[in-house]
Participant: 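Please find one structure pasted underneath; my questions will follow.
Treat the numbers as computed from the prediction; the structure is a model and nothing was measured. Positions are given from 1, in the same order as the sequence printed here.
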Amino acid sequence: MKNYVGIDIGGMTIKGIICDGEGNVLAEGTIVTGCELGGENMCKNIAILVDNMYANCNADRHLAAAGVGCPGLIDSKNGVVVFAGNLGLNNFPLVRVLEEMIKIPVKITNDANAAALGEAKFGAGKDYSDSILITLGTGVGGGIVIGGELFEGNKSAGAEIGHMVIERHGNHCNCGRRGCFETYCSATALMKKTREVMEDNPGSEMWKTYTSETATGKTAFDYYDTDYAAKEVVDWYEKYLACGIANLANIFRPQVIMLGGGVSAQGENLSKPLQKLVDKELFGGTDFAPVKVVTASLGGRAGAFGAAALAM
Ligand SMILES: [Zn+2]
């Protein structure tokens, strides 16, 4: 039986798995990224991680191929990290360098796409051919899987769903546009809104446990049932999130849209009200081709699973 390596590169650590073609995990591990010493050094660390994981599998396990999810702008066709600011990499031929070290074929995509593929193949999207993952973290990322394949756009530069505008003259975004999905629906945006609403509402229950400095993306959800100000924050957040989800649903019409990242820890408290809001905005209604809104199921392992799926 063929087995596959999945590598998920983060700014501080690299996560790895070895799994079979069904996604059954045979070994798992982590190692420091080490990119401050350059891309070659980072690849050496990946090779050490693969060796360590392999040693924990049965000795006769054959590794057929490896996949890598990497942050930044990735040319997946040519196997090059075009630009990854957090890793300090520019035009680094990761696939060629890593293939020389680990002696098996390597494929690469960006980390958000890898996570989307992981959830699509082995997570909350495994029963569907068309799915979209939206990651609600520091920013808003995600990936699109159509007919079981990643949709990456020309030179893999597409599927930047966080930079879809949902408010024409809205908040300034790092990308240079205004009103991007990310500026309303990231955990960062949720936290900022919570602090603003607290400061405008000295009577809010949220002040009992938090200051405007210590409030997090979870705070407003915790007080939703008992505090008018917390409800205002969550309703505001869900309204924008539903707008972005409905846009994606109407363009791609996937069977399922999965929510990942820190905010998705809210589970059904988030997905149930969103489902209602999205259903109202779904083109043609929900009878013919409904779109489910669910939370993702693989957590921090989605990227490594997806990288392994890429290798398959
Ligand atoms: Zn933007």
Participant: Run the side-chain contact (heavy atoms from CB on, under 4.5 Å) check on K77 and E152 step by step: do they pass?
Facilitator: CA-CA 11 Å; K77 196 164 152 242; E152 298 185 294; over 6 Å; no
Participant: Which residues pass the ring pair (Phe, Tyr, Trp, His ring centres under 6.0 Å) test with Y240, sequence neighbours left out?
Facilitator: Y184, W236
Participant: If two hydrophobic side chains count as joined below 4.5 Å and joins carry through other members, does L133 share a cluster with L136?
Facilitator: no
Participant: CG of D20 to SG of C57: how many Å apart, nearest 0.5 Å?
Facilitator: 10.5 Å
Participant: Is there a continuous path of hydrophobic side-chain contacts, each under 4.5 Å between heavy atoms, that joins V294 to L277?
Facilitator: no
Participant: Are the side chains of I134 and F181 in touch, meaning some heavy atoms are under 4.5 Å apart?
Facilitator: yes
Participant: Does the side chain of V80 come within less than 4.5 Å of I74's, by heavy atoms?
Facilitator: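 Not in contact.
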Participant: I want to check something: taking the side chain as every heavy atom from C-beta on, are M42 and L94 in contact at a cut-off of under 4.5 Å?
Facilitator: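 A side-chain contact exists here, since the closest heavy-atom pair is under 4.5 Å.
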Participant: Would you mind reporting whether V5 and L49 have side-chain heavy atoms less than 4.5 Å apart?
Facilitator: no
Participant: side-chain contact (heavy atoms from CB on, under 4.5 Å), that's the test. Do M312 and C19 meet it? Break it down for me.
Facilitator: CA-CA 10 Å; M312 295 170 194; C19 66; 3.9 Å; yes
Participant: What I'd like to find out is whether the side chain of L270 reaches to under 4.5 Å of the side chain of L241, using heavy atoms alone.
Facilitator: yes
Participant: I want to check something: taking the side chain as every heavy atom from C-beta on, are I108 and C70 in contact at a cut-off of under 4.5 Å?
Facilitator: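 Result yes, sub-4.5 Å side-chain heavy-atom pair found.
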Participant: With a cut-off of 6.0 Å (strictly less than), are more than 12 heavy atoms of other residues, nucleotides or ligands near CG of N174?
Facilitator: no
Participant: Do the side chain of T33 and the main chain of T13 share a donor and acceptor less than 3.5 angstrom apart?
Facilitator: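 Confirmed, T33 side chain pairs with T13 backbone.
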Participant: Grab the two heavy atoms, one from E182 and one from A189, that are nearest each other, plus how far apart they are.
Facilitator: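 Minimum heavy-atom contact is O-CB, 4.1 Å.
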Participant: Give a yes or no on whether a salt bridge exists between E199 and R195, defined as a side-chain N under 4.0 angstrom from a carboxylate O.
Facilitator: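 R195 and E199: not salt-bridged.
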Participant: Can you tell me how far apart CD1 (I144) and CZ (F252) are? Round to the nearest 0.5 Å.
Facilitator: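 CZ of F252 is found 3.5 Å from CD1 of I144.
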Participant: Could you verify whether a donor N or O on one side chain and an acceptor N or O on the other, from Y223 and T209, lie under 3.5 Å apart?
Facilitator: yes
Participant: Can you classify the ring geometry of F221 versus Y237 as parallel (below 30°), tilted (30 to 60°) or perpendicular (above 60°)?
Facilitator: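 The arrangement is perpendicular - the two ring planes meet at more than 60°.
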Participant: Under 6.0 Å from the NZ atom of K193, do we count more than 12 heavy atoms belonging to anything else shown?
Facilitator: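 Correct, the count exceeds 12.
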Participant: Could you tell me whether the side chain of V25 reaches within less than 4.5 Å of the side chain of R301, counting heavy atoms only?
Facilitator: yes
Participant: State, yes or no, whether a side-chain contact exists between Y228 and N201 at a heavy-atom distance under 4.5 Å.
Facilitator: yes
Participant: For E238 and L274, work out which heavy atoms get closest and say how close.
Facilitator: O-CD2, 3.6 Å
Participant: Testing I102, I31, V106, I9 for side-chain contact (heavy atoms from CB on, under 4.5 Å) with I46, which one passes?
Facilitator: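 Going through the options one by one, the only one that passes is I9.
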Participant: Given the rule that I, L, V, M, F, W and Y join up when any side-chain heavy atoms are under 4.5 Å apart, are L98 and I14 in one cluster?
Facilitator: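 Yes: a chain of side-chain contacts under 4.5 Å links L98 to I14.
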Participant: Look up atom CG in L310 and atom CD1 in I7, then write down how far apart they are to the nearest 0.5 Å.
Facilitator: 12.0 Å
Participant: Specify the closest pair of heavy atoms between N113 and A159, including all atoms of both residues, with the distance to one decimal.
Facilitator: OD1-CB, 4.3 Å
Participant: Rounded to the nearest 0.5 Å, what separation is found between the CZ atom of F83 and the CG atom of L89?
Facilitator: 9.5 Å
Participant: Would I161 and N247 count as a side-chain contact (heavy atoms from CB on, under 4.5 Å) here? Give the steps.
Facilitator: CA-CA 10 Å; I161 62 182; N247 288 348; over 6 Å; no
Participant: As an exercise, state the distance from CG of N3 to NE2 of H62, rounded to the nearest 0.5 Å.
Facilitator: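 If I round to the nearest 0.5 Å, the distance is 8.0 Å.
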Participant: For R178 and G170, which heavy atoms make the closest approach, and how far apart are they?
Facilitator: NE-O, 2.9 Å
Participant: Is T188 reaching over with its side chain to a backbone N or O of T138, donor-acceptor style, under 3.5 angstrom?
Facilitator: yes
Participant: Does CG in N24 sit with more than 12 non-hydrogen atoms of other residues, nucleotides or ligands closer than 6.0 Å?
Facilitator: yes
Participant: Please say whether more than 12 non-hydrogen atoms of neighbouring residues, nucleotides or ligands are located less than 6.0 Å from CD in E149.
Facilitator: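 Counting neighbours around CD of E149, 12 or fewer heavy atoms of other residues, nucleotides or ligands fall under 6.0 Å, so no.
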Participant: Report the distance from atom CG of L259 to atom OG of S271, rounding to the nearest 0.5 Å.
Facilitator: 7.0 Å
Participant: Quick one: does N171's side chain have a donor or acceptor within less than 3.5 Å of a partner on T183's backbone?
Facilitator: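 Pair found, side chain donor or acceptor close to backbone of T183.
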Participant: Counting heavy atoms not belonging to M12, are there more than 12 under 6.0 Å from its CE?
Facilitator: no
Participant: Looking only at atom types and distance, does a side-chain atom of T216 sit under 3.5 Å from a main-chain N or O of K218, one as donor and one as acceptor?
Facilitator: yes
Participant: With a 4.0 Å cut-off on N to O distance, would you call E40 and K44 a salt bridge?
Facilitator: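 No salt bridge links E40 with K44.
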Participant: Which atom pair, heavy atoms only, marks the closest approach of A120 to S131?
Facilitator: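 What the structure gives for the nearest pair is CB-OG, 3.4 Å.
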Participant: Does Q255 use its side chain to pair, donor to acceptor, with the backbone of D130 at less than 3.5 Å?
Facilitator: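 Here the side-chain-to-backbone pair exists.
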Participant: Could you check L282 against N250 for side-chain contact (heavy atoms from CB on, under 4.5 Å), going step by step and ending with a plain yes or no?
Facilitator: CA-CA 6 Å; L282 209 55; N250 288 339; 3.7 Å; yes
Participant: At their closest point, which heavy atom of S297 faces which heavy atom of E119, and how far apart are they?
Facilitator: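 Taking every non-hydrogen atom into account, N-OE1, 3.0 Å.
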Participant: For E268, does the CD atom have more than 12 heavy-atom neighbours from other residues, nucleotides or ligands under 6.0 Å away?
Facilitator: no
Participant: For a quick check under 3.5 Å, do K292 and Y128 share a side-chain donor-acceptor pair by atom type?
Facilitator: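 Yes - a donor-acceptor pair under 3.5 Å links their side chains.
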Participant: Is the backbone N or O of E213 less than 3.5 Å from a side-chain atom of T211, with the two atoms forming a donor-acceptor pair by type?
Facilitator: yes
